[in-house]
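Shown next, in structure tokens, is the structure this report addresses.
Values in this document were obtained by computation on a predicted structure and should not be read as measured data.
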Amino acid sequence: MKIATWNINSIKMRLPHVLTWLESAKPDVLCLQEIKCATEEFPTLELKGLGYHALVSGQKAYNGVALLTREAVRDPELGLPGDPGDAQARYIEATIGDVRVASIYLPNGNPTTSDKFPYKLAWMERLALRARALLESEMPVVLAGDYNVCPTDADVYDPEGWREDALCRRETRARFRTILNFGYTDAFRIFHPEPHRYSFWDYQAGRWMRDEGLRIDHLLLSPQAADRVIAVDIDKEPRARDKASDHTPVWCELSTAR
DNA sequence: ATGGTAGCCTTGCTA
């Protein structure tokens, strides 16, 4: 089972790219973030034409996440538990086959002097609680998405310049490690120990052309999922296209249950 | 040289 994550920065702008990538990469599940549209505006019919179901938690203008799946999902859950007053559409979760999959758009948290930073940290603590609860199911779990977290300096083109940014701050990295310490694995690092492999390049200042990026899109695997992972990679091809998202897909392949 | 780009819409906010 191939499971991918991609922050597409508006489904309306990126639908042709998404359709092209689905046709070539053929994932069983594609976790989308920043769809930037209301649920009823999502292009469900166009995706159905390619053979994908869409489970959507939309929001007008900002945020919004979705799960595109070849087979129908079971037990869908919209929203991250723990704060009924949180109106931002950043989390969606469902079962596909025997795997529990979440599409996550973790808050950016900048500027760190604003209330956005404590919101990010609190959101990460809620995510950790959910991640821990999912372990109790003993299912394979894949927590996929734009974490807005550079786990280490090896995931940043300019660690000194980014040290005080919300994506790199020690408080942010500590909360990310909390989830790893429960027993989740950063899938990319199983197969790719080399530093400076990125999933995001800012639109500004020629960052893509200079390969000055960040690795902030992650697939976190529960022990039962990590036992089955046979490949992981970042597909840089979509980032090179005209009118590209500033993120590119990250994917993993799990062997079939036996 | 403290900029630059992109997408949305509250022509400012978010990233």
Pick the [atom1] atom in [N] and in [M], then give their distance to the nearest Å.
N	M	atom1	result
B:dA6	B:dT10	P	22 Å
B:dT2	B:dG7	P	26 Å
B:dG3	B:dC9	P	27 Å
B:dT11	B:dA1	P	34 Å

With a 4.0 Å cut-off on heavy atoms, is A:Arg210 in touch with a base, just the backbone sugar-phosphate, or nothing at all?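 Answer is nothing: A:Arg210 stays at 4.0 Å or more from every strand.
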
How is A:Tyr105 classified with respect to the nucleic acid when contacts are heavy atoms under 4.0 Å: base, sugar-phosphate, or nothing?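 Sugar-phosphate: the residue A:Tyr105, judged by heavy atoms under 4.0 Å, touches backbone atoms but no base.
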
Honestly, is A:Arg90 close enough over A:Tyr105, meaning NZ or CZ under 6.0 Å from the six-membered ring centre and within 45° of the axis?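 That pair qualifies as a cation-pi contact.
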
Spacing of [X] atom [atom1] relative to [N] atom [atom2], expressed in whole Å:
X	N	atom1	atom2	answer
A:Gln204	B:dG7	CD	C1'	13 Å
A:Arg207	B:dA15	CZ	C1'	14 Å
A:Asp242	B:dA6	CG	P	10 Å
A:Glu34	B:dG7	CD	P	11 Å
A:Lys36	B:dA15	NZ	P	9 Å
A:Asn63	B:dC8	CG	P	13 Å
A:His17	B:dA6	NE2	C1'	13 Å
A:Phe117	B:dA15	CZ	C1'	16 Å

A:Phe176 vs A:His218 aromatic rings, parallel, tilted or perpendicular, using cut-offs 30° and 60°?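 A:Phe176 vs A:His218 ring planes: tilted.
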
Take the angle between the ring planes of A:His192 and A:Phe188 and call it parallel below 30°, perpendicular above 60°, tilted in between.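 Because their plane-to-plane angle is under 30°, the rings of A:His192 and A:Phe188 count as parallel.
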
In Å, rounded to the nearest 0.5 Å, how long is the span from CD of A:Glu212 to OH of A:Tyr157?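 Spacing of CD (A:Glu212) from OH (A:Tyr157) equals 6.0 Å.
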
Between A:Lys116 and B:dC13, is there a side-chain N or O to OP1/OP2 distance below 4.0 Å?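 It does not, given that no N or O in the side chain of A:Lys116 lies less than 4.0 Å from OP1 or OP2 of B:dC13.
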
Side chain of [X] - closest among [options]:
X	options	value
A:Tyr203	B:dC8, B:dA6, B:dA15	B:dA6
A:Met13	B:dG4, B:dA15, B:dG7	B:dG7
A:Arg14	B:dC8, B:dA6, B:dT5	B:dA6
A:Tyr62	B:dA15, B:dC9, B:dC13	B:dC13

Please check if the number of heavy atoms outside A:Glu194 that lie under 6.0 Å from its CD is greater than 12.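 Counting neighbours around CD of A:Glu194, more than 12 heavy atoms of other residues, nucleotides or ligands fall under 6.0 Å, so yes.
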
Which sits closer to the 5' end of DNA chain B, A:Ala244 or A:Phe200, going by the nucleotide each is nearest to?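 Looking at DNA chain B, the more 5' nearest nucleotide goes with A:Ala244.
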
